[in-house]
A.B. asks: 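Sending over a structure as C-alpha cells; questions will come in a sec.
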Amino acid sequence: MNTRSLKLVALYIVLTAGAVIMVFPIIWTLVSSFKTPAEIMRIPPTFLPQQFTLRNFEQLFETLPFGRYYVNSLIVAITTTLLVLFTSSLGGYLFDKYNFLGKNLFFILILANLMVPFEVLLVPLFRISHSFGLVGNYGGLIIPFLVSPFGLYLMKQFCHEVPNDLIEAARIDGSSEFGTFFRIMLPLMKPALSALSIFTFMGNWNSYLWPLVVINSTLMRTLPVGLAAMQSDFGTRYGLIMAGSTLSIWPVVLLFLVIQRQFIESLALTGLKG
Amino acid sequence: MYRMPTLKRRIKSWGFTPFVAISLVILLMPLFVFSFWPIVEGFILSFFRGSSVLRPVDEFVKLRNYKDMLSDRIFRTAIVNTFKFSLMVLPMNILLSLPIALGLNTITRFREALRSAYFLPAVTSVVAVSIVWIYLYNPHVGLINTVVEVLGLMPQAWLSDPKWALFSIAVMWVWRDLGYNVVVFLAGLQGIPTYFYEAARIDGANGFQLFRYITVPLLRPVMQFVVIMTAISSFKVFDPIQVMTSGGPMRATTNLVFYVYEHAFEYLKMNQAAAASVVLFGIILLITLLQLFHFRTQWEY
C-alpha cells in the first residue's frame, strides 16, 4: 500500500474508534438495564448480561408511577409542539407577507427574545405563572412556551421562498385571509414544519429546569423530573436507574436513527443561520 | 368636500386587517406575559425585598441584594466555577470537534453513518445520561475507573472529590454536546468551494498550506459562531450539575444558574436569586452583543 491509502486507513480507524466511544455509553445503558443487581456491581464489569433479566423494568413500573411520567412527557411535548408549529407558521407568514404599522418594531421585539436565556427568567417567570394558576399542572408546562421566536424566524425565512403571486391568486379567487393561511400556506410549509417539529419535540422532551420548579406533585412529574427523583431516592440501584434511562433515551435514539439525515441537514442549515 | 377619516378607516390604512390584528394578539400576548414582563420583573425584584416568596416586592432596598450577593462567598465561587467550566469545555470541545469534522470531510464512505454516531449523544435527555454517567463515574464499580486502572493510572472518586467534580461534569458535557459542533463545522467545511483548493494545488501548495491559507480563514465565521454558542451554552449548564452533584462537593460545582435555582427554590430568597439572574444576563448579553458586532464587521470575504 502507498502512504496515501495507509493514511486513509489510519483515519478510518481513528474516526471509528472515536465514534465507538461516543456511542458506547448509550449502548452500555441498554445492556446494563438487563443485568441482575449482582451482575451490575461486578468487578470487572461484564459487557453483555450473562443472566438476562427483565426484573428492572418490572420494578420500575411496580415501585414508581413511571408510566404516568411517560404519559405526562408525551402530552406536554406533543401539545407544545403542535402549538409552536401553529404560532411559528402564523408569525412567519404574517411578518413576511403582510405590511402593517410597526411591523419591523414588532419583529425586532420578538427576535430580541433570542438574546434572553431562559435561565435568566426563571424566578420572575415562576412568580407570573403562579399568579396565573399555572403551577403544578399541564398548563404551566405548556403555556409559557406557546410562541417560539426561533421557530417564528425559521418559518419567516421559509415563507420568503413562497411566491407572492400564489397568495394574490388565492385572494382573487375569493379566499379569505384565514383561508389563504390554512389552505394555501400551511401545506406549503410542511418541510420546514417537520424540521421545526423535531427540534421542538426533542427540546421539550428533554427539558428539566422548568418542569423541576413548576411541578409540585409526584403524579405530574415529566420523565426527566421523575428520573432525577429516582436517582436521589434509589441511589445505587443501578439496574433500576439504567432501565429508566433506557426508556427515556432509546425511543429518541431510534427516532433519530430513522430520520438522521433530514434531521442533521436541517440542523446544519438553521445552526449556521442562527 | 374633505371628510375626516373615521377611526375604522384609519386602522385599516395602517394595515390592521382582522387577520393581522388577531394574529398579532395571538403572537404578542404570550410573549408579553411570559417573556417581556419577566425581564422587567426580574430587574424590579432584584431591587426589592419581600416578606415571603409570594410577596417579594414589599420594600425598596436599592442595591442591598447586590451588595449581599457580592459579599457572599458562595456567589463568588459560583462566578469562578461558571468561567472555569467554560474554560474546560471550550478547548476540549473545539479541539475534538474540529479534527473530527476535518476527518469526516476527507472521507467519503461511511461519512454519514459516522457523523450520526458522533451526533447521537446530542439527542439524548441530559438528565437520563447524567444518571448513566453517575454509574460510569462510580469509584468502585464504574467503567471509567476500570479503564483508568487498565491504563495504569490512579482511580479517582470523580464526582465526590472537589478536585475532580467540575472537570468530570465538563467531560460528560463535552461528550453530550460535541456532535452539534461536528455537524456545524462539517457543514462549514463543505461550504468551502473545491475550486479554491484546486487552484492552490496547481500553484503548488501542500496539505498544510491548504489548511492554513484556505480552510482556516474561510472557516473563521463558522469558528466564531461555534465558539460563542458553545461558550453561552456552557455558561447556562444546569441539568448535570443538579442531578450529578447538587452543586457539591464543597461547592466545587456550584455555578451561577445553580446558585439562582438554589436561592430561589431551596432557600426561598427570590430577590437575591433575581439579582444573580441579572448578573448572569449581563454576562451572556455581553458575549451575544460582542458576537453580533463581530459578525457584522467580519462576515464578508
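Just so we're on the same page: letters track the sequence lines, and every chain starts at 1.
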A.B. asks: Which pair of non-hydrogen atoms, one from Met22(A) and one from Ala117(B), has the smallest distance, and what is that distance?
C.D. replies: CB-O, 3.9 Å
A.B. asks: Go through the atoms of Ile40(A) and report whether side chain, backbone, both or neither lie under 4.5 Å from a heavy atom of chain B.
C.D. replies: both
A.B. asks: With respect to chain A, which residue among Ile131(B), Leu178(B), Val278(B) yields the maximal number of heavy-atom pairs within a distance under 4.5 Å?
C.D. replies: Ile131(B)
A.B. asks: Pick one of side chain, backbone, both or neither for Glu149(B), based on which atoms fall under 4.5 Å of a heavy atom in chain A.
C.D. replies: neither
A.B. asks: Is there a side-chain contact between Pro117(A) and Phe235(B) in this structure, where contact means two heavy atoms from C-beta onward sitting under 4.5 Å apart?
C.D. replies: no
A.B. asks: By ring-ring contact (aromatic ring centres under 6.0 Å, His included), which residues pair with Phe201(A), not counting sequence neighbours?
C.D. replies: Trp205(A)
A.B. asks: Can you tell which part of Leu227(A) gets under 4.5 Å to a heavy atom of chain B, answering side chain, backbone, both or neither?
C.D. replies: both
A.B. asks: Taking C-beta and beyond as the side chain, do Tyr118(B) and Ile21(A) meet within less than 4.5 Å on heavy atoms?
C.D. replies: no
A.B. asks: With a 4.5 angstrom heavy-atom cut-off, is it the side chain or the backbone of Met115(A) that approaches chain B, or both, or neither?
C.D. replies: both
A.B. asks: Does any backbone or side-chain atom of Tyr135(B) lie under 4.5 Å from a heavy atom of chain A? Answer side chain, backbone, both or neither.
C.D. replies: both
A.B. asks: Could you look at Leu209(A) and say if it's the side chain, the backbone, both or neither that has a heavy atom under 4.5 Å from chain B?
C.D. replies: both
A.B. asks: Between Val225(A), Val213(A), Leu257(A), Ile143(A), which residue shows the highest count of heavy-atom pairs closer than 4.5 Å to chain B?
C.D. replies: Val213(A)
A.B. asks: Checking heavy atoms, do the side chain of Leu212(A), its backbone, both or neither come under 4.5 Å from chain B?
C.D. replies: side chain
A.B. asks: Based on non-hydrogen pairs under 4.5 Å, which of Val23(A), Leu90(A), Leu255(A), Val252(A) is most in contact with chain B?
C.D. replies: Leu90(A)
A.B. asks: Hey, can you tell me if Tyr12(A) and Phe110(B) have their rings parallel, tilted or perpendicular (30° and 60° cut-offs)?
C.D. replies: perpendicular
A.B. asks: Quick one: what part of Met202(A) sits under 4.5 Å from any heavy atom of chain B, side chain, backbone, both or neither?
C.D. replies: side chain
A.B. asks: Taking Leu31(B) as the fixed residue, which of Leu152(A), Thr87(A), Ile110(A) is the one that meets the side chain to side chain contact (heavy atoms under 4.5 Å, CB included) rule?
C.D. replies: Ile110(A)
A.B. asks: Of the backbone (N, CA, C, O) and the side chain (C-beta and beyond), which part of Ile284(B) lies under 4.5 Å from a heavy atom of chain A, both, or neither?
C.D. replies: side chain
A.B. asks: Walk me through whether Tyr98(A) and Phe16(B) qualify under side chain to side chain contact (heavy atoms under 4.5 Å, CB included).
C.D. replies: CA-CA 10 Å; Tyr98(A) 276 87; Phe16(B) 294 112; over 6 Å; no
A.B. asks: If we define contacts as heavy-atom pairs under 4.5 Å, which of Ser130(B), Gly191(B), Gly103(B), Pro99(B) has the most with chain A?
C.D. replies: Gly103(B)
A.B. asks: Give, as side chain, backbone, both or neither, the part of Leu28(B) having an atom under 4.5 angstrom from any heavy atom of chain A.
C.D. replies: side chain
A.B. asks: Select one option (side chain, backbone, both, neither) describing which atoms of Trp28(A) are under 4.5 Å from chain B's heavy atoms.
C.D. replies: side chain
A.B. asks: Need one label for Trp133(B): side chain, backbone, both or neither, based on atoms under 4.5 Å from any heavy atom in chain A.
C.D. replies: side chain
A.B. asks: Could you look at Ile134(B) and say if it's the side chain, the backbone, both or neither that has a heavy atom under 4.5 Å from chain A?
C.D. replies: both
A.B. asks: Any chance you could lay out the side chain to side chain contact (heavy atoms under 4.5 Å, CB included) test for Leu24(B) and Phe95(A), step after step, and finish with the verdict?
C.D. replies: CA-CA 10 Å; Leu24(B) 272 179; Phe95(A) 281 98; 4.1 Å; yes
A.B. asks: Can you tell which part of Phe238(B) gets under 4.5 Å to a heavy atom of chain A, answering side chain, backbone, both or neither?
C.D. replies: side chain
A.B. asks: Run the side chain to side chain contact (heavy atoms under 4.5 Å, CB included) check on Asn113(A) and Phe36(B) step by step: do they pass?
C.D. replies: CA-CA 8 Å; Asn113(A) 280 288; Phe36(B) 297 129; 3.5 Å; yes
A.B. asks: Check each atom of Arg109(B) against the heavy atoms of chain A and say whether the ones under 4.5 Å are side chain, backbone, both or neither.
C.D. replies: both
A.B. asks: Mind checking whether Arg127(A) and Leu45(B) have side chains closer than 4.5 Å, heavy atoms only?
C.D. replies: yes
A.B. asks: Output the option from Leu109(A), Ile128(A), Leu11(A) having the highest count of non-hydrogen pairs under 4.5 Å with chain B.
C.D. replies: Ile128(A)
A.B. asks: Counting heavy-atom pairs under 4.5 Å to chain A, which of Leu143(B), Val260(B), Ile44(B) comes out on top?
C.D. replies: Leu143(B)
A.B. asks: Find the distance between CZ (Phe178(A)) and OG (Ser23(B)) and round it off to the nearest 0.5 Å.
C.D. replies: 5.5 Å
A.B. asks: Among Thr288(B), Leu96(B), Val132(B), Ile22(B), which residue forms the greatest number of heavy-atom pairs with chain A at distances under 4.5 Å?
C.D. replies: Val132(B)
A.B. asks: Are side-chain heavy atoms of Met270(B) and Phe126(A) found at a separation under 4.5 Å?
C.D. replies: yes
A.B. asks: To the nearest 0.5 Å, tell me how far Ser35(B) OG sits from Leu114(A) CG.
C.D. replies: 9.5 Å
A.B. asks: Identify which part of Pro30(B) has an atom lying under 4.5 Å from any heavy atom of chain A, answering side chain, backbone, both or neither.
C.D. replies: side chain
A.B. asks: Which bit of Ile198(A) comes within less than 4.5 Å of chain B, counting heavy atoms only: side chain, backbone, both or neither?
C.D. replies: neither
A.B. asks: What is the minimum heavy-atom distance between Leu114(B) and Leu15(A), and which atoms define it?
C.D. replies: CD2-O, 4.0 Å
A.B. asks: Side-chain contact test, heavy atoms from C-beta onward, threshold under 4.5 Å: evaluate it for Thr17(B) versus Phe100(A) and give yes or no.
C.D. replies: no
A.B. asks: With a 4.5 angstrom heavy-atom cut-off, is it the side chain or the backbone of Phe47(A) that approaches chain B, or both, or neither?
C.D. replies: neither
A.B. asks: Does Phe19(B) reach the side chain of Tyr93(A), with side-chain heavy atoms less than 4.5 Å apart?
C.D. replies: yes
A.B. asks: How many angstroms lie between CG in Leu27(B) and CZ in Phe86(A), if you round to the nearest 0.5 Å?
C.D. replies: 8.0 Å
A.B. asks: Given that the side chain runs from C-beta out, which part of Leu146(A) has a heavy atom under 4.5 Å from chain B: side chain, backbone, both or neither?
C.D. replies: side chain
A.B. asks: Are the side chains of Val129(B) and Pro25(A) in touch, meaning some heavy atoms are under 4.5 Å apart?
C.D. replies: no
A.B. asks: Quick check for you: among Ile100(B), Asn138(B), Thr106(B), which has the greatest number of heavy-atom pairs under 4.5 Å with chain A?
C.D. replies: Asn138(B)
A.B. asks: What part of Thr246(A) gets within 4.5 angstrom of chain B, counting heavy atoms only: side chain, backbone, both, or neither?
C.D. replies: neither
A.B. asks: At a heavy-atom separation under 4.5 Å, does Val20(A) approach chain B through its side chain, its backbone, both, or neither?
C.D. replies: neither
A.B. asks: Taking C-beta and beyond as the side chain, do Leu94(A) and Val20(B) meet within less than 4.5 Å on heavy atoms?
C.D. replies: yes
A.B. asks: Heavy-atom distances under 4.5 Å only: say whether Leu136(B) touches chain A with side chain, backbone, both or neither.
C.D. replies: side chain
A.B. asks: Heavy-atom distance under 4.5 Å to chain A: side chain of Val33(B), backbone, both or neither?
C.D. replies: both
A.B. asks: Do Tyr261(B) and Glu119(A) pair up side chain to side chain, a donor and an acceptor below 3.5 Å, judged on atom types alone?
C.D. replies: no
A.B. asks: Pick one of side chain, backbone, both or neither for Phe118(A), based on which atoms fall under 4.5 Å of a heavy atom in chain B.
C.D. replies: neither
A.B. asks: Between Ser129(A), Ser88(A), Pro224(A), Pro144(A), which has the largest tally of heavy atom pairs under 4.5 Å with chain B?
C.D. replies: Pro144(A)
A.B. asks: Tell me if the aromatic rings of Phe34(B) and Phe145(A) count as close, with their centers under 6.0 Å from one another.
C.D. replies: no
